[in-house]
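See structure below.
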Amino acid sequence: MQATTIELKEKIQQLWNKRPLIISGPCSAETEEQVLETAQRLAATGKVDMLRAGIWKPRTRPGSFEGVGVKGLPWLANAKKITGLPTAVEVATGKQVEDALNFDVDVLWIGARTTVNPFSVQEVADALRGVDVPVLIKNPINPDLELWTGAVERVAKAGIKQIGLIHRGFSSYGNTEYRNAPMWHLAIEMKRRNPGMMLICDPSHISGRRDILLDVSQKSIDLDYDGLMIESHIDPDNAWSDAMQQVTPEVLLKMLDSIQWRVETTDEKSFITALERLREQINHLDDELLQLLGQRMKIADKIGEYKKNNSVTILQTSRWNEILERAMAKGEKLGLSKEFIIKYFDAVHMESISHQNKIMNS
Ligand code: PEP
Ligand code: MN
């Protein structure tokens, strides 16, 4: 008995270092048969490393299916016994941590609606004290890296050594292309702040629908994510939660097969030399851009002097519109997106204004 526990721990340890790490399973455990059949069909793909299933579901509105609760835990244990797939479950309270561990759940994750609340995260962390279990932490529902970081710190302080991040997107009001806007730059910043910490993408909750799952997954792999957590169901259309975003294990396999897997770097000599040469060019161009921006700001300073002497406002909307339109037209011909031009010129313009502000008020 002791040996099996140790073997399992070793297996989880190995999995933790496997790239890409693929976690899949239903949004919610619904029935014993559904959990087992999903696990068997996922195992048959040969590409899935871990079985996920929601046991307690934090629903935005009351009246939706809130999960089967503790009675679903033996279903997962049984699915693990039959398929060999380790299991992962979302926990939001101390009691849920205790229950999940009692039924030998291998990996726990903290959901987006929990990460957002320091009281809940602390309660989960307190229940994890003295326990050796890997914990994945989803980003909070709102785009706040401090809350995400705070959750990582609370779990780390409880003594958990294996901590990973799951990027599931951020909610926003109104309809967008995504259920939860990815805001990739936030996840990348989180990765920068936590070097070496596993970062997994959850394209299911970002997309909210099947047709863009592959695009979102590919994007995350292109950005050097360590793995994917994708929801799957034996009968997606009739799933009790998140029906629109789930796929069958077989569709999942097709998706995984069509992803272009990439590595962060390679030892291939010709690749390294070519990359170094191109990066040198980029460095030169960046230096030139900085020089030019410096010059541009000096001219803005001069304009500031003239405006000051003639008591003219810093901001002239018509001139700003003229600059933007000119840049967008030129940028388009150079293959630069309108979105980028607006963001870039906004930043340049704000810096100009701050320069002129200093001069006007000196
Ligand atoms: C889930 O994984 O089913 C879930 C509830 O996700 P999130 O916490 O990202 O909303
Ligand atoms: Mn879900």
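Atoms within a ligand are numbered from 1 in the order they appear, just like the ligands themselves. Small disclaimer: the values here were computed from a predicted structure and weren't measured.
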Any side-chain heavy atom of [X] within less than 4.5 Å of one from [Y]?
X: Glu123; Y: Lys95; result: no
X: Asp222; Y: Gln218; result: yes
X: Ser241; Y: Arg59; result: yes

Going by the atom numbers of ligand 1, which of them fall below 4.0 Å from some non-hydrogen atom of [X]?
X: Gly111; answer: 8 (O)
X: Glu90; answer: 4 (C), 5 (C)
X: Trp109; answer: 2 (O)
X: Cys27; answer: 3 (O)
X: Lys57; answer: 1 (C), 3 (O), 5 (C)

Worksheet item: Side chains of His167 and Asn139: is there a donor and an acceptor less than 3.5 Å apart?
Response: no
Taking N or O atoms only and a 3.5 Å limit, does [X] qualify as a polar contact for ligand 1?
X: Arg168; result: yes
X: Arg52; result: yes
X: Asp242; result: no

Who's the nearest protein heavy-atom neighbour of [atom], and how far?
atom: atom 8 (O) of ligand 1; result: Ala112 N, 2.8 Å
atom: atom 4 (C) of ligand 1; result: His205 NE2, 3.5 Å
atom: atom 6 (O) of ligand 1; result: Lys138 NZ, 2.9 Å

Worksheet item: Do any N or O atoms from the side chain of Trp240 and from the backbone of Cys27 form a donor-acceptor pair under 3.5 angstrom?
Response: no
Item to complete: Ignoring hydrogens and angles, tell me if any N or O in the side chain of Gln96 forms a donor-acceptor pair with the backbone of Ala92 under 3.5 Å.
Response: yes
Discussion item. Checking one value in my table: which N/O/S atom of Glu231 lies closest to the Mn ion (ligand 2)?
Written reply: OE2
Discussion item. If you consider just the N/O/S atoms, which atom of Asp242 is the closest one to the Mn ion (ligand 2)?
Written reply: OD2
Item to complete: Could you please spell out the steps behind the salt bridge (charged side-chain N to carboxylate O under 4.0 Å, His left out) verdict for Lys57 and Asp242?
Response: CA-CA 11 Å; Lys57 301 302 297 178; Asp242 289 354; 5.6 Å; no
Worksheet item: Side chain or backbone of Met229 under 4.0 Å from ligand 1, or both, or neither, by non-hydrogen atoms?
Response: neither
Worksheet, complete the sentence: Rounded to the nearest 0.5 Å, the CD1 atom of Ile12 sits from the NZ atom of Lys18 at a distance of 13.0 Å
Worksheet entry | Single hit among Asp202, Val116, Leu165, Thr114 for side chain to side chain contact (heavy atoms under 4.5 Å, CB included) with Lys138 | Asp202
